[in-house]
Amino acid sequence: MIEVRNLTKKYGSKTAVNNISFKVEKGEILGFLGPNGAGKSTTMNMLTGYISSTSGEVLIDGTDILEEPKKAKSKIGYLPEIPPLYVDMTVDAYLNFMYDLKKCKLPRKAHLKDICTRCMLQDVRHRIIKNLSKGYRQRVGLAQALINNPPVLILDEPTVGLDPSQIIEIRTLIKKLGKRHTVILSSHILPEIQAVCDRIIIINRGEVAADGTADEIARDITNEHKMVLRIEGLTHTADDKREIADALRAVSGVKYVRADMEREKGIYDYDVETDGKTDVRRDINKLCAEKGWNILMLQLSDLTLEDIFLKITMDDGLNKQNDGKDDSSKPKIAIKRTQNGKLKAVQEDAEEKADENAEEGSADSSENNGGEE
Ligand code: ADP
């Protein structure tokens with residue numbers, strides 16, 4: 001539905017967006033995540049044809065945004081970071097005005113009623129926009145983006161400045177909109193993107209630093225496929241520990257199991273490493289159900305997406321593991337990008353070796369220091 005090829009935007013000598021490429025399939029909700037100054041708005045503005053690119057292409061449903069701007073733009077509903085509202089108008093007057101501006105051909109009354117219902121604006125249609133709360137104003141902004149039922153919705157930081165309950169409302173609304181539209185949503189807030197999006201592109205310093213589902217990004221980046229399980233056996237003794245560890249070892253795809261400390265009385269943690277190809281979680285779940293054991297915790301690797309995001313965008317240092325303590329005895333992990341574009345975690349002492357390895361690419365995201373605030 002959306003295809004971006006080698007898109008670049010330069011402002012004088014400053015490169016705001018540098019040669020980015022990605023695709024968004026029909027019905028996907030894609031999150032565009034990056035720190036302030038990463039190039040999110042610039043990209044959004046090029047996607048919508050609001051600004052031109054220095055080089056590269058944007059195709060909306062096969063139509064080039066610069067070659068056939070009218071046709072391409074007719075397929076997009078856009079909510080910029082600052083919604084384009086005429087605040088002295090009533091909601092109804094404004095939506096009618098936008099309906100005329102967009103030369104909408106759908107039956108006016110029914111279409112606007114449908115949009116107001118979807119954006120939960122029925123009760124405020126006759127209110128002046130400036131008297132509405134920020135949350136409601138944002139919904140009016142979303143409503144104008146829906147006029148003409150565009151297949152693509154592009155939403156730039158749609159929850160900025162809203163209070164927590166308004167944020168939840170707008171997120172719920174966007175998720176609903178995702179059922180009928182292909183959505184690109186930008187945010188600098190990780191939980192926001194995780195809550196709403198099917199897929200995430202992390203952008204940093206104008207470049208795509210990671211692309212995939214949250215799980216895929218975490219998996220790519222950790223490279224090793226590790227998890228920690230806390231399993232409660234039947235006897236709450238060391239016998240459990242042996243039996244559980246042996247049973248886990250027998251699960252297809254499991255390479256290594258180490259029974260860890262007793263974390264709760266008679267209950268142990270197990271470090272499990274897999275071959276990286278098999279998702280063993282369901283089989284482990286089945287095993288435990290059959291044996292009458294309880295899985296009290298299942299944690300995939302030490303790296304959360306937040307760790308990864310911080311690492312990519314702020315050179316935070318993944319050796320500061322989840323507990324926030326800098327344990328110098330733990331291996332320090334750096335994120336490297338391979339030539340096939342995949343991200344890979346390498347131990348810092350092994351980094352030099354990895355650098356010499358022909359497999360490794362040139363871009364080292366560990367040098368990234370994040371965008372401007
Ligand atoms: P984001 O939306 O991720 O916060 P932007 O796309 O707004 O980032 O900005 C990316 C970079 O481009 C920033 O360094 C910003 O200062 C710069 N930039 C954005 N717009 C302009 C402009 N009109 N002129 C010069 N530099 C700009």
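In listed order, ligands and their atoms are each counted from 1. Just so it is clear, the model here is predicted, and its values are computed rather than measured.
- Judged by the 6.0 Å distance and 45° axis criteria, K102 is not positioned over the aromatic ring of Y99.
- Each of the following atoms of ligand 1 lies closer than 4.0 Å to a heavy atom of T42: 5 (P), 6 (O), 9 (O), 10 (C).
- Where the criterion is an N or O separation shorter than 3.5 Å, residue side chain and backbone included, K40 meets it with respect to ligand 1.
- From R171, atom CZ reaches atom CD of Q166 across 12.5 Å, with rounding to the nearest 0.5 Å.
- Residues I295 and L234 fall within the same hydrophobic cluster, defined by Ile, Leu, Val, Met, Phe, Trp and Tyr side chains chained together at heavy-atom separations under 4.5 Å.
- Close N/O approach between A16 and ligand 1 is not found [any backbone or side-chain N/O within under 3.5 Å].
- Between K71 and D64 there is no salt bridge, since no side-chain N of the basic residue sits under 4.0 Å from a carboxylate O of the acidic one.
- Near S41, meaning under 4.0 Å from any of its heavy atoms, are these atoms of ligand 1: 1 (P), 2 (O), 6 (O), 7 (O).
- At least one heavy atom of G39 sits under 4.0 Å from some atom of ligand 1.
- At a 4.0 Å heavy-atom cut-off, ligand 1 touches K14 through the side chain alone.
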ask   = Does the pair R249 and D246 meet the rule for a salt bridge (charged side-chain N to carboxylate O under 4.0 Å, His left out), with working shown?
value = CA-CA 5 Å; R249 282 186 195 105; D246 285 345; 2.9 Å; yes
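- For Y86, the OH atom is loosely surrounded, since the number of other residues' heavy atoms within 6.0 Å does not exceed 12.
- Of all the atoms in ligand 1, the ones that sit under 4.0 Å from a non-hydrogen atom of A38 are 1 (P), 3 (O), 8 (O).
- Looking at N36 next to ligand 1, no N or O pair under 3.5 Å apart turns up.
- Close approach of ligand 1 to P35 (heavy-atom distance below 4.0 Å) involves ligand atoms 3 (O).
- For the ring pair (Phe, Tyr, Trp, His ring centres under 6.0 Å) test, no residue two or more places apart in sequence or in another chain qualifies with Y136.
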